[in-house]
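Below is one structure; the comments refer to it alone.
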Amino acid sequence: MGSCTLSSGGVCVILLALACCLTCACGAVKALYVLGDSQADVGNNNYLPQSVLKANFPHNGIDYPGGKPTGRFSNGYNFVDLVARSLGVPSPPPYRSIRSNELNSSVYLKSVNFASGGAGVSNLTNMGQCISFDEQIERDYYRVHEVLEEQLGMREAKAHLAKSLFVIAIGGNDIINHVLFSPVSELLRSRDEIVTELGETLKRQLQTLYDRGMRRLFFVGAAPLGCCPLIRQLSPTKECDAQANYMSTRYNDAAIVLLRDMSETHPDFTYSFFDTFTALLQSIRDPEAHGYKEVKAACCGLGDNNAMFLCSPASLYCENRTSYMFWDVVHPTQITVEKLMKIAFDGSAPLE
Ligand SMILES: *[C@@H]1O[C@H](CO)[C@@H](O)[C@H](O)[C@H]1NC(C)=O
Ligand SMILES: *[C@@H]1O[C@H](CO)[C@@H](O)[C@H](O)[C@H]1NC(C)=O
Ligand SMILES: *[C@@H]1O[C@H](CO)[C@@H](O)[C@H](O)[C@H]1NC(C)=O
């Protein structure tokens with residue numbers, strides 16, 4: 001127990017930890033409970049009439065079975081689908097699509113995805129456009145937890161959750177919004193403070209989930225957000241934005257420290273932190289070696305580098321989606337998440 005904690009550092013350490021968490025230390029996974037942002041959303045935002053942060057229209061889903069848009073911000077599957085596949089369980093349905101069945105816990109016992117595009121650690125991030133991370137936890141997950149306890153009893157609900165895997169991807173939108181919308185005068189002064197604040201909020205949120213049964217966690221760290229087409233486009237030289245990347249690294253450092261602290265405080269808590277930042281940056285620095293032809297432009301969009309607008313039916317899109325790192329201005333292609341999850345599950349990553 002507690003053996004899945006790890007030191008920060010190379011991707012190798014991290015993926016060994018994931019393999020360990022999921023197989024040797026903890027046994028088979030009963031169910032997946034997924035929280036977070038658009039990387040993980042499989043259609044919850046389709047149910048938010050007032051939100052513009054949606055992906056349930058073409059050309060999203062062009063490589064999904066049937067070529068159908070589902071609400072995933074991707075040309076095909078997202079990383080949660082691949083985690084589920086690797087564990088041999090179905091990809092969890094959006095919570096919003098199964099809410100009407102809530103009196104029957106058998107649905108909740110299987111797996112649930114609470115993630116919502118646009119969500120951030122801070123409940124101010126894209127407020128009103130998404131289901132905030134706090135709402136995902138304190139309203140939606142609490143409800144599921146309550147139903148499980150009512151119908152299974154406390155002890156069995158606890159045992160079920162302890163054998164389940166929680167998957168969380170959150171924090172990127174807080175950083176993107178800060179870089180895009182903060183006054184320049186504030187940027188240098190407050191970015192450390194902002195990351196510290198995010199770390200403190202995240203700590204409260206993860207502790208809350210622990211208190212309600214989370215014992216195994218796969219946490220996906222922030223990507224090198226300064227390199228996504230949206231942020232790159234802001235730079236006169238079209239290089240990766242150093243400030244956004246700095247915030248991603250600092251946020252990841254904060255997350256690693258707090259996860260390590262949690263596993264020391266709670267010996268029954270195990271986690272693995274996936275270092276998306278390192279893995280993607282390696283590909284950005286040497287695209288060819290990692291099978292990419294294009295790591296700067298978005299596949300689907302409009303304008304310079306397809307980076308001026310989100311993917312929509314009016315957008316252009318690239319022919320060969322397996323050679324692009326980015327599907328739209330911020331989201332990875334299916335091939336990119338396939339490469340990332342292969343690193344996480346197979347341990348095939350090169351050391352830094
Ligand atoms: C709950 O749903 C399952 C299948 O979805 C069904 O077999 C079971 O009878 C239902 N239980 C109740 C109490 O409705
Ligand atoms: C947002 O979170 C803060 C605590 O971080 C809380 O005080 C506040 O009430 C929350 N606002 C909403 C609208 O949920
Ligand atoms: C698409 O791109 C991949 C990766 O660069 C390459 O291996 C493949 O041959 C390309 N397919 C076509 C049809 O050009």
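Whatever order the structure lists them in is the order used to number ligands and atoms, beginning at 1.
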task: Check whether any side-chain N or O of Asn45 sits under 3.5 Å from a backbone N or O of Ala55 as a donor-acceptor pair, and report yes or no.
output: no
- request: State the atoms of ligand 3, each with its element, that fall below the 4.0 Å cut-off from a heavy-atom position in Thr322.
  value: 1 (C), 2 (O), 3 (C), 4 (C)
field: Sub-4.0 Å protein heavy atom near atom 7 (O) of ligand 3
entry: no
field: Aromatic Tyr141 / basic Arg212 pairing, under 6.0 angstrom, 45° off normal
entry: no
All pairs passing salt bridge (Lys or Arg N to Asp or Glu O under 4.0 Å) where residues 312-337 contributes a residue, at least two apart: Asp63-Arg321
message: With the threshold set strictly below 4.0 angstrom, can you tell me whether any protein non-hydrogen atom sits that near atom 2 (O) of ligand 3?
response: yes
- request: Just jot down the ligand 3 atoms closer than 4.0 angstrom to any heavy atom of Gly291, in number order.
  value: 4 (C), 5 (O)
statement: Quick note, side chain to side chain donor-acceptor pair (under 3.5 Å) partners involving residues 35-44, not counting sequence neighbours, are Asp37-Gln39, Ser38-His331
- request: Please assess Gln207 against His266 for the test side-chain hydrogen bond (donor to acceptor under 3.5 Å, both in side chains), listing each intermediate value before the final yes or no.
  value: CA-CA 10 Å; Gln207 180 61 43; His266 308 293; 3.1 Å; yes
field: Numbered atoms of ligand 3 (with element) below 4.0 Å of Lys293, judged on heavy atoms
entry: 5 (O)
task: Check each atom of ligand 3 against the heavy atoms of Asn320 and keep those under 4.0 Å away; list them by number with element.
output: 1 (C), 2 (O), 3 (C), 8 (C), 10 (C), 11 (N), 12 (C), 14 (O)
